[in-house]
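Here is the naming used below: chain letters follow the sequence lines, and residue numbers restart at 1 for every chain. Keep in mind that what you see is a predicted model, and the values were worked out from it rather than measured.
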Amino acid sequence: MGISRYRTYRQIADLPQLVGQYVQLRGWIADRTDKGRLQFLRFRDGSGFCQLVVFQPEVPAEVFEAARSVTQESSVIVGGIVRQDERAPGGYELQVRELQIMQLAQGYPITPKEHGVEFLLEHRHLWLRSPRQHAIMRVRAAVIRAICEFLDSNGFIRIDAPILTAAACEGTTTLFELDYFDLGKAYLSQSGQLYAEAAAMAHGRVYTLGPTFRAERSKTRRHLTEFWMVEPEAAFFDLEDDMDLAEDLVEYIVQYVLRHCERELRTLGRDLSRLERIRRPFYRMTYTEAVELIQRKGVKLHRKLPDGREEMVDFPWGEDFGAPQEEAIMEEFDKPCIIHRYPAAVKAFYMKRDPDNPELVLAMDMLAPEGGGEIIGGSQREDDYEALLQRIREHGLPEEAFRWYLDLRLYGSVPHSGFGLGIERTVKWITGVQHIRETIPFPRMLYRLVP
RNA sequence: UCCACGGUAGCUCAACGGUUAGAGCACCUGGCUGUUAACCAGGGGGCUGUGGGUUCGAAUCCCACCCGUGGAGCCA
């Protein structure tokens with residue numbers, strides 16, 4: 001693809017093909033430094049970053065003066081000759097001949113120096129312009145593109161689930177509540193899965209992609225109150241198929257990002273060899289095997305006693321894994337690991353029991369290496385009407401709200417499976433950033449709703 | 001929600017209960033033909049989060065509140 005027919009202008013991304021030519025660019029001054037008669041302006045136009053060089057004898061006095069007076073983040077129209085030069089960051093620079101200031105910015109708060117987290121989050125609307133944030137958002141876009149490309153080309157139909165819902169998908173987690181006209185309370189969706197299951201009975205293979213909400217008062221570098229999830233759901237898939245699909249999808253995402261975002265990953269200082277290694281097959285183990293591994297490694301469980309004191313105990317079979325256990329498991333692996341067949345007691349009501357052991361459900365989680373944590377949670381779904389009804393009652397869920405969901409087991413019920421992949425956690429793992437708040441344009445967290 | 005830590009210049013941080021609360025960066029002025037977080041010289045910049053208390057004297061000690069950070073639990 002070349003330059004489009006739109007009345008857009010040449011972009012920094014096009015510079016390698018325009019060496020020696022006169023071009024006009026529109027964008028912003030990211031930073032500047034001057035050496036008397038020679039000035040260097042770091043310039044960005046959205047497509048990337050490049051250096052502008054303004055040398056006094058080569059430009060009219062008013063152009064040199066404009067370059068001298070331009071401030072950080074002022075918007076400009078600039079024209080000049082494209083040059084390839086090893087000394088230029090990125091390899092290309094513009095030898096400026098004309099410079100016109102569109103708007104002179106005053107007192108831009110974010111400098112190229114160090115800033116604290118709080119300050120940067122207060123200025124998220126401006127922070128997005130910084131090279132690192134720019135790179136992360138491009139990787140995020142590539143991750144979503146890879147997901148859609150992979151699923152669309154493998155027979156999955158995108159079906160969008162509602163965001164306003166009448167009841168919980170999983171009774172355990174907290175929901176954001178709001179008033180819905182005369183119908184009482186509505187809730188922001190915490191998962192599109194139940195709707196994906198209905199759609200899978202219509203289309204066979206489907207996926208939902210969109211924001212989900214959890215009103216958990218969790219405060220860690222892995223949590224947002226609003227995050228995006230892709231949830232594939234496929235009729236006739238059993239747990240094995242589900243795990244295969246999860247592996248294929250994650251391999252595709254990582255290799256796609258490597259192919260399309262190498263520059264961004266380098267900007268982020270990511271070790272590319274660690275990502276190149278992400279090829280099938282990944283690792284798999286049962287929950288029971290994982291518990292044995294944890295016990296062998298001597299990782300204890302931090303437990304709170306009724307009187308408020310805390311104690312450290314050997315990890316017992318039947319407990320769900322916390323962050324310390326997941327980290328201990330993933331110390332052993334350089335590729336993602338799927339853990340499957342969890343105790344039914346710690347998992348959601350809709351998961352199918354393991355026919356070989358009724359204490360277990362056919363669930364699976366995928367953990368990413370290098371501190372990536374849990375990026376996928378999925379299962380084969382309960383497809384028997386009576387069994388599902390019993391689970392709903394055991395969990396104390398409002399039966400009426402799940403009427404339509406139970407219907408799916410009355411009219412041509414089939415085995416089916418699916419999973420949810422957290423977009424932000426995946427971006428966090430692939431980019432190697434330390435905190436999930438940098439993987440979404442405007443993070444929503446326990447103590448952050450603005451900007 | 002629980003545990004720990006923090007709030008001082010626009011930003012990042014110093015300052016034993018004791019002169020007029022300092023430094024680097026940013027900003028402004030001047031100098032420099034290759035800067036990569038340039039460098040050199042000069043300049044302006046403060047209700048020490050809020051309220052109360054202890055004291056001859058509080059940024060510093062005590063109490064409450066507000067705001068934030070890291071982690072736990074829960075989860076993707």
Side-chain angles (χ1 to χ4, degrees), chain A residues 30-42 49-58 64 68-69 71-72 83 85-91 93 95 105-123 131 169-170 172-174 190-193 211-231 246 301-304 308-310 319-327 346-348 365-368 372-378 419-429 434-437 439-440 445-448:
Chain A
D31 191 19
R32 47 160 297 122
T33 173
D34 101 58
K35 288 225 8 129
R37 297 210 176 106
L38 184 60
Q39 298 184 63
F40 299 98
L41 308 180
R42 209 153 54 80
F49 292 77
C50 80
Q51 170 170 283
L52 309 179
V53 183
V54 190
F55 185 36
Q56 192 167 43
E58 293 179 0
F64 190 81
R68 239 171 58 83
S69 67
T71 52
Q72 190 189 358
R83 290 213 317 215
D85 194 315
E86 278 181 8
R87 295 169 296 186
E93 63 184 22
Q95 194 70 32
Q106 299 287 355
Y108 186 71
I110 300 178
T111 67
K113 301 285 174 155
E114 56 194 338
H115 291 291
V117 176
E118 185 184 354
F119 180 81
L120 289 170
L121 284 173
E122 293 287 348
H123 296 87
C169 290
E170 308 176 26
T172 55
T173 37
T174 341
Q190 58 189 180
S191 162
Q193 182 204 312
T212 51
F213 307 85
R214 305 278 165 96
E216 294 157 2
R217 304 185 77 84
S218 44
K219 221 177 126 7
T220 79
R221 64 178 77 178
R222 302 182 303 282
H223 287 86
L224 295 166
T225 55
E226 175 181 318
F227 66 97
W228 283 59
M229 199 154 57
V230 61
E231 295 177 278
L301 179 70
H302 206 80
R303 197 153 60 180
K304 208 162 235 175
R309 287 186 304 121
E310 293 176 6
E319 282 285 331
D320 206 355
F321 301 135
Q325 287 77 35
E326 286 179 3
E327 277 161 31
V346 300
K347 288 294 182 182
D365 286 353
M366 186 189 287
L367 307 182
E374 185 183 341
I375 57 171
I376 282 179
F419 61 83
L421 175 141
I423 302 291
E424 289 77 17
R425 286 192 179 175
T426 303
V427 174
K428 174 174 176 286
W429 165 48
Q434 290 304 299
H435 202 297
I436 199 163
R437 63 189 161 217
T439 64
I440 188 167
M445 294 175 292
L446 186 50
Y447 296 116
R448 170 107 13 225

> Given atom CD of A:Gln190 and atom C1' of B:rC74, what is their separation to the nearest angstrom?
Replying inline: 12 Å
> Choosing from B:rG70, B:rG68, B:rA72, which nucleotide comes nearest the side chain of A:His435?
Replying inline: B:rG70
> Donor-acceptor pair under 3.5 Å: do we get one between A:His115's side chain and the base of B:rC11?
Replying inline: no
>> Roughly how many Å apart are B:rC39 and B:rG24, using the P atom of each and rounding to a whole number?
In response: 12 Å
> How is A:Arg37 classified with respect to the nucleic acid when contacts are heavy atoms under 4.0 Å: base, sugar-phosphate, or nothing?
Replying inline: sugar-phosphate
> Is any side-chain heavy atom of A:His115 closer than 4.5 Å to a side-chain heavy atom of A:Pro109?
Replying inline: no
>> For A:Thr71 and A:Gly422, find the nucleotide of RNA chain B closest to each by heavy atoms; which residue's nucleotide sits nearer the 5' end?
In response: A:Thr71
> Are any non-hydrogen side-chain atoms of A:Arg448 and A:Glu122 less than 4.5 angstrom apart?
Replying inline: yes
> From the list B:rC75, B:rG68, B:rU33, which nucleotide is the closest neighbour of the side chain of A:Glu216?
Replying inline: B:rC75
> For A:Gln72 and B:rC11, what is the distance between atoms CD and P respectively, to the nearest whole Å?
Replying inline: 15 Å
>> Only pairs with both distances under 3.5 Å count, Watson-Crick or wobble alike; so what is the partner of B:rA76 in this structure?
In response: none
>> Using a 4.0 Å heavy-atom cut-off to protein, can you give one letter per nucleotide of nucleotides 34-41 of chain B, 5' to 3': B if the base is in contact, S if only the sugar-phosphate is, - if neither?
In response: BBBBB---
>> If I take atom CG in residue A:Leu446 and atom C1' in nucleotide B:rG71, what distance separates them, rounded to the nearest angstrom?
In response: 13 Å
> Roughly how far apart, to the nearest Å, are B:rU1 and B:rA76 at atom P?
Replying inline: 23 Å
>> A side-chain contact here means heavy atoms from C-beta on lying under 4.5 Å apart; do A:Gln325 and A:Leu301 qualify?
In response: yes
>> In the structure I gave you, are the side-chain heavy atoms of A:Phe40 and A:Val53 within less than 4.5 Å of one another anywhere?
In response: yes
>> Measuring only the P atom in each nucleotide, how far is B:rA15 from B:rU8? A whole number of Å is fine.
In response: 14 Å
> With both distances under 3.5 Å as the test, what is the Watson-Crick or G-U wobble partner of B:rU60?
Replying inline: none
> Heavy-atom distance under 4.5 Å between the side chains of A:Ile440 and A:Trp228, does that happen here?
Replying inline: yes
> Which whole number of Å gives the distance between the P atom of B:rU48 and that of B:rA9?
Replying inline: 9 Å
>> For a quick test of reading the model: is some side-chain N or O of A:Arg217 closer than 4.0 Å to OP1 or OP2 of B:rU1?
In response: yes
> Any side-chain heavy atom of A:His223 sitting closer than 4.5 Å to one from A:Ile436?
Replying inline: no
>> Can you check the distance between B:rG42 and B:rA26, where both ends of the measurement are the P atom (answer in whole Å)?
In response: 16 Å
> With no angle test and no hydrogens, is the base of B:rC67 tied to the side chain of A:Arg448 by a donor-acceptor pair under 3.5 Å?
Replying inline: no
>> Quick check against the 3.5 Å criterion: does A:Gln39 have a side-chain atom that pairs as donor or acceptor with the backbone of A:Val54?
In response: no
> Contact class for A:Arg222 (heavy atom, under 4.0 Å): base, sugar-phosphate, or nothing?
Replying inline: base
>> Is a donor from one side chain sitting under 3.5 angstrom from an acceptor on the other, for A:Arg221 and A:Gln434?
In response: yes
> Which value, in whole Å, describes the distance between the C1' atoms of nucleotides B:rC25 and B:rG45?
Replying inline: 14 Å
> Considering all heavy atoms of both residues, which atom of A:Arg222 and which atom of A:Ala323 are nearest to each other, and what is their separation?
Replying inline: NH2-CB, 3.8 Å
> Does the side chain of A:Glu326 reach to within under 4.5 Å of the side chain of A:Asp365, using non-hydrogen atoms?
Replying inline: no
> Taking a pair as Watson-Crick or G-U wobble with both distances under 3.5 Å, which nucleotide is matched to B:rU33?
Replying inline: none
> For B:rC5, which nucleotide is its Watson-Crick or G-U wobble mate, given both distances must be under 3.5 Å?
Replying inline: B:rG68
> Quantified in whole Å, what is the C1' atom distance between nucleotide B:rC27 and nucleotide B:rG44?
Replying inline: 9 Å
> To the nearest Å, how far apart are A:Lys347 NZ and B:rC74 C1'?
Replying inline: 12 Å
> Given atom OH of A:Tyr108 and atom P of B:rC27, what is their separation to the nearest angstrom?
Replying inline: 13 Å
>> Nearest to the side chain of A:Leu121, heavy atoms from C-beta on, is which of B:rA76, B:rU69, B:rU33?
In response: B:rU69
>> When the P atoms of B:rG22 and B:rU69 are compared, how many Å lie between them, rounded to an integer?
In response: 31 Å
> To the nearest Å, how far apart are A:Phe119 CZ and B:rG49 P?
Replying inline: 18 Å
>> How many whole angstroms separate atom CD of A:Gln106 from atom C1' of B:rA26?
In response: 14 Å
>> In this structure, how many angstroms lie between the C1' atom of B:rG7 and the OH atom of A:Tyr447, rounded?
In response: 16 Å
>> Just to be sure I understand the rule, does A:Phe55 reach a base, reach only the sugar-phosphate, or reach nothing, if contact means heavy atoms closer than 4.0 Å?
In response: base
>> Checking base pairs now: Watson-Crick or wobble, both atom distances under 3.5 Å. What partners B:rA15?
In response: none
> Using a cut-off of 4.0 Å on non-hydrogen atoms, how would the nucleic acid contact of A:Ile423 be classed: base, sugar-phosphate, or nothing?
Replying inline: nothing
